[in-house]
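Before any comments, here is the structure.
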Amino acid sequence: MATIVFCTANRTAQTTARRCLTTHLTGLASARESHLPFSSTHSHSVTLLPGTRWFSRAGRTRRGALALSGAAAVTAAAAVAGFLANANHFQRAEMATRVSQAAEEEEQEGDILARCRRFMSPPVTDTSVLQQRKMEMRTRMEMLIMETQADFCRALQEVDGGTFKVDRWDRKEGGGGISCVMQDGKVFEKAGVNVSVVFGNLTEEAAKQMRSRGKVLKGKDGKLPFCAMGVSSVIHPKNPHIPTVHFNYRYFEVEEEDGTKQWWFGGGTDLTPVYINKEDAFHFHNTLKEACDKHHPQYYPDFKKWCDRYFYIRHRGETRGIGGIFFDDLDSPSQEEAFNFVKSCARTVVPCYLPIVYKHLNDSFTDEEKDWQQVRRGRYVEFNLVYDRGVKFGLATPGSRIESILMSLPLTARWEYMHEPAKGTIEAEMLEVLRNPKDWV
């Protein structure tokens, strides 16, 4: 039965949607409508778009999709339902972009105190120290990760209506961090955005882990002074049709016996949906690709493959999600250029994810779909505890804050003995993608 959906939005939202629609239409033209069940027993009611009204007639709406006949209808469904129906989230993304541009301008001006006023908490390093060494990479990176945390937390608070608990902690061996966590919100079951800035001497176990990746580290009197900092986030929504997202951007410095410093950047952003949605996958990957392409045409294809390899659960023979980008040990072509690339990636965390959240806010779901979400979360836990490099480094570093390291774990998960979805189901479709990663752009 055909369903026709009409949307009336404010003029600014319509203009914004048309601009976004034009940008994405080519990539969406060949997309097929996702196979989603009609039956549902749960519905989380959230006001989707202030100033927007929805009307539906002549049948049943499949999660906000516009159902017409023929290939044009599929394109219209993907484009209109995915973009015009949620026009306001593009306004929000544009606002986030303007905030990021303003932050970049302030960075160039070097106004440390003014930038700090926007943070969720005062930075880990005292502002007087940051002022004194404001041109050093350690300071510039700390300011970037603090800004990334603040921008992302505020965007999540806006959609959820809840408030992050800001937990500041110190590490007696040197440094500390700021953990922002929101639990049992309206939209997010658990959302965490952590910043850490730690320094001291590398343990032998941590140094061994780095040497296994090809690092040549020569300490003085058996000691390797280091500084490590980063922002890390994992978001677990309640609704199984809103994907989990993870990002991490970090910087390392290690001082060798002759006083020289080795430095490198690492990070990435990846998406873990419970159900595959081709339009969401395209939007997420294309946003990351656009950021990568500003710096090198090979970054996205290389780092996308690296992401698929890294987030692979070997004992299950499947990836954790549909990937994104991942890179580590980035120390070229120069420190400045590597930092600018990391900055571009960090600026994408709001626009690559929040539009997807707004799109699926009111999607209904069944008990069976919630159970499948719990099973997939179990896989998420398995990867993080067995393979994740950041977790392993944190647990091997004395004085690390265990609560912050394990923040990435969901509140709830499920393990079923010999669980395998029935053939032909949307769960089986998701599993096939995880077992055979594909290109989305």
Side-chain angles (χ1 to χ4, degrees), residues 31-44 60-65 67 74 77-78 81-82 188-190 234-246 270-285 307-324 356-357 359-360 362-388 408-440:
R32 294 185 293 111
E33 185 181 11
S34 300
H35 299 291
L36 299 173
F38 284 91
S39 61
S40 61
T41 59
H42 296 276
S43 178
H44 174 62
R60 201 168 183 177
T61 303
R62 294 181 66 180
R63 297 198 176 93
V74 175
F188 304 110
E189 183 176 287
K190 187 179 182 184
V234 178
I235 310 301
H236 293 291
K238 289 184 173 180
N239 192 317
H241 298 292
I242 302 177
T244 287
V245 74
H246 158 262
D270 62 282
L271 196 69
T272 304
V274 176
Y275 290 100
I276 200 66
N277 183 297
K278 295 178 177 62
E279 291 76 40
D280 294 349
F282 172 82
H283 169 77
F284 182 81
H285 277 267
C307 187
D308 289 337
R309 291 196 304 269
Y310 179 78
F311 291 105
Y312 183 69
I313 309 172
R314 292 192 293 273
H315 62 275
R316 295 287 187 181
E318 60 194 48
T319 57
R320 190 176 74 175
I322 63 168
I356 298 174
V357 175
K359 177 180 173 182
H360 296 287
N362 289 325
D363 284 6
S364 56
F365 56 91
T366 65
D367 288 332
E368 291 75 19
E369 289 170 332
K370 189 66 178 176
D371 287 345
W372 174 243
Q373 180 194 52
Q374 297 296 295
V375 170
R376 295 313 312 168
R377 283 184 176 174
R379 301 292 197 269
Y380 204 96
V381 171
E382 290 175 26
F383 175 86
N384 283 25
L385 294 183
V386 177
Y387 302 113
D388 188 80
S408 63
L409 303 183
L411 280 183
T412 58
R414 183 184 183 99
W415 283 265
E416 291 187 15
Y417 182 70
M418 298 295 287
H419 184 277
E420 186 76 18
K423 292 182 179 180
T425 62
I426 52 177
E427 289 80 12
E429 180 188 15
M430 182 75 250
L431 197 56
E432 175 63 23
V433 170
L434 299 177
R435 290 172 176 171
N436 298 284
K438 60 180 295 184
D439 293 328
W440 299 102

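Positions are given from 1 along the sequence. Predicted, not measured: the structure shown is a model, and the values here were computed from it.
Of all heavy-atom pairs between Tyr380 and Val234, the closest is OH-CG1, 3.6 Å. The minimum heavy-atom distance linking Ala422 with Ala428 is given by the pair O-CB, 3.4 Å. Heavy-atom minimum distance, Ala281 versus Ile322: CB-CD1, 3.7 Å. Between Asp270 and Phe284, the shortest heavy-atom distance links the atoms C-CZ, 3.6 Å. What you find for Trp372 and Pro421 is that their closest heavy atoms are CH2-CG, 4.2 Å. In terms of heavy-atom proximity, Gln373 sits nearest to Lys238 at NE2-O, 3.3 Å.
The distance from the CD1 atom of Ile356 to the CG atom of Leu271 is 5.5 Å, given to the nearest 0.5 Å. With rounding to the nearest 0.5 angstrom, the CD1 atom of Ile276 is 7.0 Å from the NZ atom of Lys278. Annotation: the span from Asn384 atom CG to Arg320 atom CZ amounts to 5.0 Å, rounded to 0.5 Å. Note that the CZ atom of Arg379 and the CG atom of Leu431 stand 7.5 Å from one another [nearest 0.5 Å]. The CZ atom of Phe383 sits 7.5 Å away from atom CD1 of Ile313, with the distance rounded to the nearest 0.5 Å. To the nearest 0.5 Å, atoms NZ (Lys190) and CG (Leu409) are separated by 6.0 Å.
Judged purely by distance below 3.5 Å, without hydrogens or angles, the side chains of Asp280 and His283 never pair a donor atom with an acceptor atom. Donor-acceptor pairing under 3.5 Å is recorded for the side chains of Trp415 and Glu382. When only modelled atom types and interatomic distance are considered, His315 and Tyr387 share a side-chain donor-acceptor pair under 3.5 Å. With hydrogens and angles left out, the side-chain atoms of Thr319 and Asp308 include no donor and acceptor closer than 3.5 Å. Remark: the Arg376 side chain and the Thr272 side chain contain no N/O donor-acceptor pair separated by less than 3.5 Å.
Considering only residues two or more places apart in sequence or on other chains, Glu427 meets the salt bridge (Lys or Arg N to Asp or Glu O under 4.0 Å) condition with none of them.
Classification of Glu189 and Arg377 as a salt-bridged pair holds, one side-chain N sitting under 4.0 Å from a carboxylate O.
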- Message: Arg414 vs Glu416, test: salt bridge (charged side-chain N to carboxylate O under 4.0 Å, His left out). Steps then yes/no.
- Response: CA-CA 6 Å; Arg414 183 184 183 99; Glu416 291 187 15; 2.6 Å; yes
- Query: Please walk me through it: do Glu420 and Arg435 pass salt bridge (charged side-chain N to carboxylate O under 4.0 Å, His left out)?
  - Reply: CA-CA 13 Å; Glu420 186 76 18; Arg435 290 172 176 171; 3.3 Å; yes
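Ring pair His236/Phe188: centre-to-centre distance not below 6.0 Å.
Each of Asn239, Val274, Ile242 was checked for a side chain to side chain contact (heavy atoms under 4.5 Å, CB included) with Phe365, and the lone residue meeting it is Asn239.
Geometrically, Lys438 engages Trp440 in a cation-pi contact defined by less than 6.0 Å to the ring centre and at most 45° from the axis.
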